[in-house]
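Numbering starts at 1 and runs along the sequence shown. Remember, it's a predicted structure, so these values are computed and weren't measured experimentally. What's counted below: heavy atoms across the whole structure, side chains too, no hydrogens, waters or symmetry copies. Atoms within a ligand are numbered from 1 in the order they appear, just like the ligands themselves.
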Amino acid sequence: MNLLLFGPPGAGKGTQAKLLSKRKNLIHVSTGDLLRETASKTTPIAKKLKNFMEKGDLVPDQMVIEIIKNEIQNLKKLKKSGFLIDGFPRTLVQAKSLETMLENIKEALEKVILIEVDSKKLIHRLTGRRVCENCKAIFHKDSLKKSSCPHCHSPLDQRTDDQIQFIQKRLSIYEKTTKPILQFYEAKNLVQKVKGEGDVEEVYQKIINA
Ligand code: AP5
């Protein structure tokens with residue numbers, strides 16, 4: 001099964017993608033993770049990326065496409081049951097480019113899962129998000145008993161773009177630029193909506209049912 005997880009910042013795309021890829025043996029491709037990894041290096045491109053990402057702006061199409069291209073080309077070589085893309089595409093240019101990249105490897109998307117969550121809840125989730133600096137597990141501060149990662153005991157980080165002014169910018173970019181590309185997938189009859197409210201396991205079940 002080849003899936004795309006779509007939805008606003010904080011909808012739970014990363015959380016669900018980690019569960020789905022582990023339990024259903026899918027390759028997880030996340031542009032957010034790929035870009036953060038590239039931005040953490042000491043290269044000229046890393047500095048450019050940080051400037052966009054830390055302020056909640058979209059990274060320009062050509063830069064993202066260049067970074068994801070290799071991952072897509074390699075999908076065929078990895079022996080898994082399918083793939084799961086999260087965080088890409090966010091513009092129509094990216095959507096068309098993904099279609100071409102998949103055609104080139106004789107693959108196609110089978111479903112686009114849109115995770116919908118009320119905007120007040122999104123802000124609460126994002127301001128309280130904590131990410132393990134080592135294993136990259138995602139938590140919310142309200143569900144943490146300690147200030148370290150429950151899985152590997154490493155310190156937890158708060159993303160720079162999870163400050164309220166950047167969250168608001170990211171939500172507004174989603175509404176204006178990213179959400180409209182759903183029409184591209186609706187025209188192909190690929191979109192399935194899932195309510196992203198309820199606990200993580202409940203949302204997981206809704207995705208499986210979809
Ligand atoms: P990216 O990392 O993709 O960020 P995002 O789309 O803003 O999405 P988030 O990671 O914020 O949210 P999520 O839906 O994954 O939620 P999560 O599971 O973590 O991108 C970051 C930046 O990179 C962008 O701003 C941009 O600059 C750049 N970028 C990336 N892709 C790009 C592209 N294609 N083009 C251009 N630029 C690009 O959950 C959030 C919180 O909610 C956590 O605390 C979690 O514990 C909690 N939570 C999750 N599920 C539940 C639940 N069911 N109930 C209660 N809490 C929950």
Side-chain angles (χ1 to χ4, degrees), residues 4-21 28-40 46 48-69 71-72 84-98 101 113-132 136-144 149-150 156-163 165-175 177-179 181 194-207:
L4 185 74
L5 282 190
F6 200 95
K13 303 180 296 295
T15 303
Q16 294 299 331
K18 283 186 170 57
L19 283 184
L20 284 158
S21 55
H28 176 199
V29 180
S30 154
T31 41
D33 291 348
L34 280 171
L35 290 167
R36 273 185 290 280
E37 198 192 318
T38 313
S40 68
K48 276 194 196 160
L49 285 178
K50 263 196 218 156
N51 278 336
F52 294 110
M53 296 174 73
E54 288 184 348
K55 293 188 212 116
D57 289 312
L58 286 185
V59 172
D61 288 335
Q62 278 323 310
M63 284 176 93
V64 188
I65 291 168
E66 205 45 52
I67 286 169
I68 200 173
K69 213 157 67 187
E71 300 291 315
I72 302 285
L84 178 63
I85 302 179
D86 136 38
F88 185 89
R90 295 193 197 215
T91 65
L92 195 55
V93 170
Q94 293 182 16
K96 290 183 176 165
S97 156
L98 176 63
M101 287 188 250
I113 305 282
L114 166 64
I115 309 180
E116 296 180 305
V117 177
D118 163 84
S119 63
K120 266 195 198 145
K121 283 207 174 82
L122 292 174
I123 292 174
H124 174 77
R125 286 184 182 187
L126 292 170
T127 48
R129 171 166 52 192
R130 299 293 181 268
V131 182
C132 174
K136 308 294 176 203
I138 304 166
F139 305 96
H140 192 279
K141 68 178 173 51
D142 292 353
S143 62
L144 287 164
C149 175
L156 297 172
D157 282 341
Q158 182 167 20
R159 276 169 45 175
T160 315
D161 61 347
D162 277 348
Q163 293 172 54
Q165 68 271 35
F166 303 134
I167 292 172
Q168 274 158 348
K169 194 201 268 185
R170 285 158 61 205
L171 290 173
S172 145
I173 293 174
Y174 173 76
E175 287 297 324
T177 310
T178 303
K179 201 174 169 189
I181 65 169
V194 163
K195 277 261 165 257
E197 286 152 26
D199 70 27
V200 171
E201 285 298 332
E202 280 173 54
V203 178
Y204 176 80
Q205 267 317 315
K206 289 185 208 169
I207 295 176

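Nearest heavy atoms, Gly198 versus Glu202: CA-OE1, 3.7 Å.
At a 4.0 Å cut-off, not a single heavy atom of Ser143 sits close enough to ligand 1 to count as contact. The shortest separation from a heavy atom of Pro89 to ligand 1 is not under 4.0 Å, leaving the residue out of contact. For Arg36, the closest heavy-atom approach to ligand 1 falls below 4.0 Å. Between Ala11 and ligand 1 there is a heavy-atom distance shorter than 4.0 Å.
If you check the side chains of His28 and Asp33, you find no donor sitting under 3.5 Å from an acceptor.
Checking only distances, Leu126 never comes within under 3.5 Å of ligand 1, N or O to N or O. On a distance-only criterion, Asp33 and ligand 1 share no N/O pair closer than 3.5 Å. For Met53, no nitrogen or oxygen atom sits less than 3.5 Å from a nitrogen or oxygen atom of ligand 1, counting backbone and side chain alike. The shortest N/O to N/O separation between Leu58 and ligand 1 does not fall below 3.5 Å.
With ligand atoms numbered from 1 in the order given, ligand 1 contributes 52 (C), 53 (N), 54 (N) to contacts under 4.0 Å with heavy atoms of Gly198. Within ligand 1, counting atoms from 1 as listed, the ones closer than 4.0 Å to a heavy atom of Gln94 are 33 (C), 34 (N), 35 (N), 36 (C). Ligand 1 places these atoms under 4.0 Å from at least one heavy atom of Arg159: 1 (P), 2 (O), 4 (O), 10 (O), 11 (O), 21 (C). Per-residue contacts place Asp199 under 4.0 angstrom from the following atoms of ligand 1 (heavy atoms of the residue considered): 53 (N). Of all atoms in ligand 1, numbered sequentially from 1 with element shown, those under 4.0 Å from a heavy atom of Phe139 are 43 (C), 44 (O), 46 (O). Of all atoms in ligand 1, numbered sequentially from 1 with element shown, those under 4.0 Å from a heavy atom of Asp57 are 26 (C), 27 (O).
Nearest protein heavy-atom neighbour of atom 8 (O) of ligand 1: Lys13 NZ, 3.3 Å.
A search for salt bridge (Lys or Arg N to Asp or Glu O under 4.0 Å) contacts involving Lys50 returns nothing, not counting sequence neighbours.
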